[in-house]
Protein chains: 2
Amino acid sequence: MAITKNSEETKRKIISAANALFAEKGFEAVSLREITALAGANVAAVNYHFGNKEQLIDEVIVQHVLPVIEERMRLLKDSKKSSNGKPISIESILNAFIRPFLTVMNNSGQSKALFCKLSGRCMSDRGGDLPARAVKEFVAMLKEFTHTLQETIPQLPAKVLLWRLHFSFGVVAHTLMYEERFHEITNGGCGTPNLETTLQRMIDFCQGGLLAQDSPVDKMKGEVDA
Amino acid sequence: MAITKNSEETKRKIISAANALFAEKGFEAVSLREITALAGANVAAVNYHFGNKEQLIDEVIVQHVLPVIEERMRLLKDSKKSSNGKPISIESILNAFIRPFLTVMNNSGQSKALFCKLSGRCMSDRGGDLPARAVKEFVAMLKEFTHTLQETIPQLPAKVLLWRLHFSFGVVAHTLMYEERFHEITNGGCGTPNLETTLQRMIDFCQGGLLAQDSPVDKMKGEVDA
DNA sequence: GCTGCTGTAAAACATTTGTTTTAAATAAGT
DNA sequence: ACTTATTTAAAACAAATGTTTTACAGCAGC
């Protein structure tokens with residue numbers, strides 16, 4: 001009944017070490033030897049348990065990203081349930097979109113700073129490519145949020161809405177990744193807000209952005225868009 | 001009078017090759033041999049002309065980032081001049097902030113896609129660190145824009161404004177870097193807008209975000225901010 | 001024509017990388 | 001207790017990396 005030896009335990013230690021190192025230095029910049037050293041395992045363990053480095057990276061990303069996606073879907077579904085068929089507020093939608101980072105982070109056992117950095121890296125490094133396993137869920141989530149937003153802001157053209165959701169992604173990704181950097185460059189002028197405050201500020205900003213007036217672009221300049 | 005041999009020419013070819021490769025694959029992921037091969041030069045040429053890889057990266061970043069910063073300052077100054085001491089519109093400020101990417105890009109001779117990717121990498125790779133030479137100018141620009149925005153939106157607390165400028169940065173960086181990715185993931189649903197359209201959409205979004213109502217955060221939850 | 005300087009080219013350098021191989025140790029099955 | 005499968009450990013592998021060394025070519029000035 002008991003699991004053979006430390007197999008699962010070793011895998012967990014490797015993933016945990018990889019988590020921390022990938023977050024800090026990026027996926028490509030970390031060597032397998034650094035990971036296994038931190039995990040207290042042998043170099044060959046990575047290839048034995050995960051196949052190769054690429055598959056280890058995929059595993060880390062999937063384990064990191066899926067819970068956030070699932071929590072997003074859960075929050076959105078809950079909001080829908082309690083609104084009795086009426087369109088949900090933008091704030092609720094944005095909350096369901098952004099808050100999961102905080103929720104999952106607090107349940108992850110990882111340091112908050114590392115969790116945030118890893119989140120950013122999942123969106124940034126490797127050209128933002130997600131492992132095949134996670135793409136399906138990610139696309140489904142994007143569709144669900146797009147559709148829900150559409151119902152709340154029906155006057156906004158679908159394409160513009162898609163772009164603004166994309167922009168909102170940028171806000172979150174950039175904020176998660178460069179909090180430290182931001183702190184340095186403003187010489188501390190940005191303060192030291194807790195995450196709840198930062199979350200609310202992102203929601204405020206994105207809400208304003210989503211609701212902004214949609215400037216017509218001069219057609220003479222060549223709008224290729226439909 | 002003539003410069004000895006092809007010294008400057010070789011440097012230019014290396015920088016040009018590095019530009020393209022760094023944009024496509026990231027700074028760390030490109031080897032010196034790839035660069036010199038594309039440039040038609042010898043491996044040792046990089047160390048001879050630039051010292052080492054790190055200094056080459058710095059040179060590429062500086063040459064890429066400084067023109068954008070300068071153009072931003074120029075546009076902002078022009079706007080101020082033509083407003084006769086009155087606060088400038090947010091749209092003008094955002095235009096001065098974002099449009100320089102397009103202007104410099106069109107004068108760069110590089111492919112648009114590569115220029116955008118390199119811009120994103122300058123903000124993303126290496127933890128967003130800028131070379132020492134560029135930090136001063138960047139900070140000065142940030143201060144100038146913050147100050148100008150402050151005059152236009154005096155009712156917004158300084159810290160909140162700083163954060164919203166940070167968010168705007170995220171919008172631009174993310175959009176520049178992941179246009180392709182966005183196209184794939186929406187299955188083309190985002191359309192194929194030209195850059196002028198995308199620019200206007202970013203301005204609209206950020207303007208909405210900057211003007212958004214500033215939600216008070218529940219102090220009981222522990223606002224560390226001042 | 002020699003000397004010195006600048007730029008180029010090829011080769012060699014020591015490290016580090018991901019991965020495989022080989023062998024030993026441990027647990028489970030019968 | 002013997003066998004088998006699973007997991008770990010150490011060593012070896014080939015390939016690639018940034019950098020340095022060495023040698024050679026072109027051009028200047030005295």
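Proteins get letters first, then strands, A, B, ... in listed order; numbering begins at 1 in each.
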Show the numbers, then the answer: is there a side-chain contact (heavy atoms from CB on, under 4.5 Å) between Ile61(A) and Arg126(A)? CA-CA 11 Å; Ile61(A) 295 180; Arg126(A) 309 160 21 111; 3.8 Å; yes
Identify, between Val30(B) and Ala41(A), the residue whose nearest nucleotide on DNA chain D lies closer to the 5' end. Ala41(A)
Checking the side chain of Arg72(B) only, and the main-chain atoms of Met141(B) only, is there a donor and an acceptor separated by less than 3.5 Å? no
How long is the line joining OH of Tyr48(A) and P of dT6(D), in whole Å? 7 Å
Between Thr10(A) and dT7(D), does any side-chain N or O lie under 4.0 Å from OP1 or OP2? no
Over 12 non-hydrogen atoms of neighbours within 6.0 angstrom of CD in Glu59(B): yes
Check: Val62(A) main-chain N/O paired with Arg133(A) side-chain donor or acceptor under 3.5 Å: no
If you measure from CZ on Phe145(A) to CE on Met73(A), what distance do you get to the nearest 0.5 Å? 7.5 Å
Rounded distance in Å - CD1 (Ile35(A)) to C1' (dT17(C)): 12 Å
Val60(B) and Leu118(B), any side-chain heavy atoms less than 4.5 Å apart: yes
Distance, rounded to the nearest Å, where Ile57(A) contributes CD1 and dG18(C) contributes C1': 11 Å
Once each nucleotide of nucleotides 19-24 of chain D is scored for protein heavy atoms under 4.0 Å, what B/S/- sequence comes out, 5' to 3'? BB----
I'd like to check the side chain to side chain donor-acceptor pair (under 3.5 Å) partners of Gln55(B); sequence neighbours left out, ordered by chain and number. none
Determine: side-chain N/O of His49(A) to OP1/OP2 of dT6(D), distance under 4.0 Å, yes or no. no
Compute the ring centroids of Phe97(B) and Phe169(B), then answer whether they are less than 6.0 Å apart. yes
Looking at residues 12-29 of chain B, who's got a heavy atom less than 4.0 Å off DNA chain D? none
On the nucleotide dA16(D), are OP1 or OP2 found under 4.0 Å from the side-chain N or O atoms that Ser31(B) carries? no
